[in-house]
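Step one of this worksheet: look at the structure below.
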Amino acid sequence: MPTKRILLIIGGGIAAYKSIELVRLLRKAGMTVRCVLTRAGEQFVTPLTLAALSENKVYTSLFDLKDEVEMGHIQLSREADLVVVAPATADLLAKMATGQADDLATTLLLATDKPVLAAPAMNVRMWLHAATQRNIATLRGDGVTVMAPDEGEMACGEYGPGRLPEPEAIKQAIDEALAHAPASVPLTGQPDFAPSRHRPLYGRRILVTAGPTHEPIDPVRYIANRSSGKQGFAIAAAAAEAGAEVLLVAGPVPLPTPPGVTRVDVETAREMADEVAAGLPSDAAIMVAAVADWRAADTHAQKIKKDGSGQVPPLALAENPDILAGLAKSAQRPALLIGFAAETNDVIDHARAKLAKKGCDWIVANDVSADPMGGETNRVHIVSQDGVDSWDRLPKQAVARKLMEKIADELDARLPPARD
Ligand code: CTP
């Protein structure tokens with residue numbers, strides 16, 4: 001296989017230091033890396049460090065290229081197989097979206113005929129700002145793959161989405177983009193909206209459930225579980241990134257809606273079942289929610305009070321509908337129906353039993369013995385009638401993206417003529 005060539009554009013942000021690890025990972029995988037540092041990027045990492053790690057010249061300004069005989073900017077922008085922007089700052093994304101070219105990085109991005117992958121990093125408010133979201137929608141419409149940022153504590157002390165995805169997750173996205181990258185992006189003057197390997201779920205409708213459900217006992221108490229919703233939200237984000245029309249039916253979690261995703265919030269299992277039914281038809285459904293198996297048989301309109309007698313009130317339970325099993329039997333069963341299962345022991349055996357019990361096509365079995373619910377990584381096994389596909393432990397975003405590739409291939413096999 002020929003050596004893959006990456007042109008890595010490093011924007012100015014505190015996360016720029018992670019680009020050093022990314023270069024190391026790409027080199028370790030045998031790729032050639034050429035780095036371009038923006039003026040702001042130079043404030044965070046030095047050209048010398050990047051040159052040493054990439055074993056290549058590092059470019060910082062248009063004037064580095066004044067010897068057009070050696071390497072002109074057009075050539076630099078086109079000799080790569082993939083252009084990667086990491087970190088992609090709010091400013092850089094805005095310039096990309098509006099086609100500005102006032103320095104080397106933006107000039108290369110405008111001149112390139114190669115696929116572009118952007119890994120954003122910025123303050124949470126900047127990420128959530130309508131202008132940034134607009135720019136991302138524009139870029140995705142133009143065919144740029146914009147990764148969803150990670151969520152967490154930021155260097156500035158705030159909390160939320162905006163952190164640069166981990167280098168390992170960016171490397172994973174690069175591998176996927178390279179696997180399907182066209183030799184060059186067609187020069188049509190119009191964005192390429194046709195389904196492409198770059199947007200492998202274009203034209204597909206995907207339904208995702210995520211988070212826990214809350215089952216009320218009285219106005220102040222409820223039955224719940226520890227689901228954080230992170231894996232389901234990452235899956236919805238990855239499906240939108242891959243070009244799908246995504247409906248996310250979410251239990252109560254304080255997570256922001258991923259760009260390009262339509263979200264319906266619910267509280268109880270029965271509400272979730274209703275919204276799932278209302279969201280059909282769908283080409284694939286991915287049921288990641290940790291639905292409460294039971295609800296309180298009677299809900300009290302008023303808060304239950306202690307009467308001082310030491311007697312505890314009885315709590316009778318009723319079984320909730322099994323949304324996944326119900327969907328499997330419905331007339332509108334999606335062509336690909338996927339369940340999730342968090343297990344602590346005998347993971348594969350339990351998953352096989354669940355596959356049969358629920359009537360779905362795949363169970364994504366999640367081994368939670370080492371890493372309890374709410375963590376940032378998952379080790380999953382995809383269990384189907386065809387066998388078991390076990391993946392390494394990966395960040396939840398990387399699991400989501402890898403799953404989208406598998407789903408796209410499966411849908412192409414099951415529903416080939418569905419696209420226009
Ligand atoms: N699920 C569902 N509706 C329910 C319960 C579960 O749709 N009432 C879905 C989940 O979203 C998940 C899959 O079924 O995709 C497996 O969930 P899990 O809780 O592991 O299944 P259970 O049948 O509840 O099995 P267990 O006894 O292990 O809790």
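For the single chain, residues carry numbers from 1 onward in sequence order.
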If you measure from the Lys or Arg side-chain nitrogens to the Asp or Glu carboxylate oxygens, is any gap between [X] and [Y] under 4.0 Å?
{"X": "Asp103", "Y": "Arg39", "result": "no"}
{"X": "Arg401", "Y": "Glu241", "result": "yes"}
{"X": "Asp389", "Y": "Lys402", "result": "no"}
{"X": "Arg270", "Y": "Glu215", "result": "no"}
{"X": "Asp142", "Y": "Arg140", "result": "no"}
{"X": "Asp361", "Y": "Arg414", "result": "yes"}

Within-4.5 Å side-chain heavy-atom neighbours: [X] and [Y]:
{"X": "Lys396", "Y": "Thr377", "value": "no"}
{"X": "Leu178", "Y": "Ile174", "value": "yes"}
{"X": "Ile217", "Y": "Thr299", "value": "no"}
{"X": "Pro115", "Y": "Thr145", "value": "no"}
{"X": "Glu151", "Y": "Arg163", "value": "no"}
{"X": "Val288", "Y": "Val208", "value": "yes"}
{"X": "Pro334", "Y": "Leu207", "value": "no"}
{"X": "Met31", "Y": "Lys171", "value": "yes"}

Shortest non-hydrogen separation from [X] to [Y] and the atoms involved:
{"X": "Gly162", "Y": "Trp127", "result": "CA-CB, 4.5 Å"}
{"X": "Ala16", "Y": "Phe44", "result": "CB-CB, 3.7 Å"}
{"X": "Met147", "Y": "Pro120", "result": "O-CD, 3.1 Å"}
{"X": "Met287", "Y": "Ile323", "result": "CE-CG2, 3.6 Å"}
{"X": "Pro200", "Y": "Ala408", "result": "CB-CB, 3.6 Å"}
{"X": "Ile407", "Y": "Trp362", "result": "CG1-CZ3, 3.8 Å"}

Rounded to the nearest 0.5 Å, how far does [atom2] of [Y] lie from [atom1] of [X]?
{"X": "Ile235", "Y": "Leu248", "atom1": "CD1", "atom2": "CG", "answer": "10.5 Å"}
{"X": "Thr209", "Y": "Ile286", "atom1": "OG1", "atom2": "CD1", "answer": "9.0 Å"}
{"X": "Ile206", "Y": "Leu201", "atom1": "CD1", "atom2": "CG", "answer": "5.0 Å"}
{"X": "Ile338", "Y": "Cys360", "atom1": "CD1", "atom2": "SG", "answer": "8.5 Å"}
{"X": "Gln133", "Y": "Thr257", "atom1": "CD", "atom2": "OG1", "answer": "9.5 Å"}
{"X": "Leu37", "Y": "Leu104", "atom1": "CG", "atom2": "CG", "answer": "10.0 Å"}

Inset, instruction - Could you check Arg5, Lys4, Lys114, Arg34 and say which one makes a salt bridge (Lys or Arg N to Asp or Glu O under 4.0 Å) with Glu79? - result: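 It is Arg34; the other options fail the test.
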Any donor and acceptor pair, going by atom type alone, linking the side chain of [X] with main-chain N or O of [Y] inside 3.5 Å?
{"X": "Lys18", "Y": "Leu164", "value": "yes"}
{"X": "His129", "Y": "Ala131", "value": "yes"}
{"X": "Asp346", "Y": "Asp349", "value": "no"}
{"X": "Ser19", "Y": "Leu22", "value": "no"}
{"X": "Asn378", "Y": "Val380", "value": "no"}
{"X": "Asp265", "Y": "Gly251", "value": "no"}
{"X": "Thr112", "Y": "Leu108", "value": "no"}
{"X": "Asp283", "Y": "Arg205", "value": "yes"}
{"X": "Asn56", "Y": "Val33", "value": "yes"}

Inset, instruction - Output, in order, the C-alpha distance, side-chain angles, deciding distance and verdict of salt bridge (Lys or Arg N to Asp or Glu O under 4.0 Å) for Glu158 and Arg125. - result: CA-CA 9 Å; Glu158 289 185 70; Arg125 299 302 293 248; 5.5 Å; no
Legend entry - Criterion side chain to side chain donor-acceptor pair (under 3.5 Å) on Gln332 and Ser330, from CA distance to verdict: CA-CA 5 Å; Gln332 285 189 297; Ser330 91; 5.9 Å; no
Inset, instruction - Would you sort out whether Met272 and Val291 count as a side chain to side chain contact (heavy atoms under 4.5 Å, CB included), showing the intermediate values? - result: CA-CA 9 Å; Met272 188 172 270; Val291 184; 4.1 Å; yes
Inset, instruction - Kindly determine whether Cys35 and Val23 satisfy side chain to side chain contact (heavy atoms under 4.5 Å, CB included), including the steps that lead there. - result: CA-CA 9 Å; Cys35 296; Val23 173; 4.0 Å; yes
[Y] and [X] side chains, donor-acceptor separation under 3.5 Å:
{"X": "Thr132", "Y": "Asn135", "result": "no"}
{"X": "Asp91", "Y": "Thr89", "result": "no"}
{"X": "Gln172", "Y": "Glu168", "result": "no"}

Legend entry - Heavy atoms from other residues, nucleotides or ligands near CG of Asp293 exceed 12 (cutoff 6.0 Å):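 Above 12, so yes.
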Inset, instruction - Before giving the answer on side chain to side chain contact (heavy atoms under 4.5 Å, CB included), spell out for Trp294 and Ile223 the whole-Å C-alpha distance, their side-chain angles and the decisive distance to 0.1 Å. - result: CA-CA 8 Å; Trp294 302 286; Ile223 301 168; 5.7 Å; no
Legend entry - side-chain contact (heavy atoms from CB on, under 4.5 Å) partner of Val85, the single match among Thr38, Leu92, Leu8, Ile10: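 Answer to the side-chain contact (heavy atoms from CB on, under 4.5 Å) test with Val85 among Thr38, Leu92, Leu8, Ile10: Leu92.
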Inset, instruction - Measure from NZ or CZ of Lys406 to the centre of the six-membered ring of Trp391 and say whether it is under 6.0 Å with the direction within 45° of the ring axis. - result: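 Geometry flag: not set, cation outside 6.0 Å or 45°.
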Inset, instruction - Decide side chain to side chain donor-acceptor pair (under 3.5 Å) for Glu343 and Asn366; before the verdict, give the C-alpha distance in whole Å, the side-chain angles of both, and the deciding distance to 0.1 Å. - result: CA-CA 6 Å; Glu343 306 287 356; Asn366 178 7; over 6 Å; no
Inset, instruction - Kindly indicate, with the supporting measurements, whether the criterion side chain to side chain contact (heavy atoms under 4.5 Å, CB included) is fulfilled by Ile363 and His381. - result: CA-CA 8 Å; Ile363 286 281; His381 311 266; over 6 Å; no
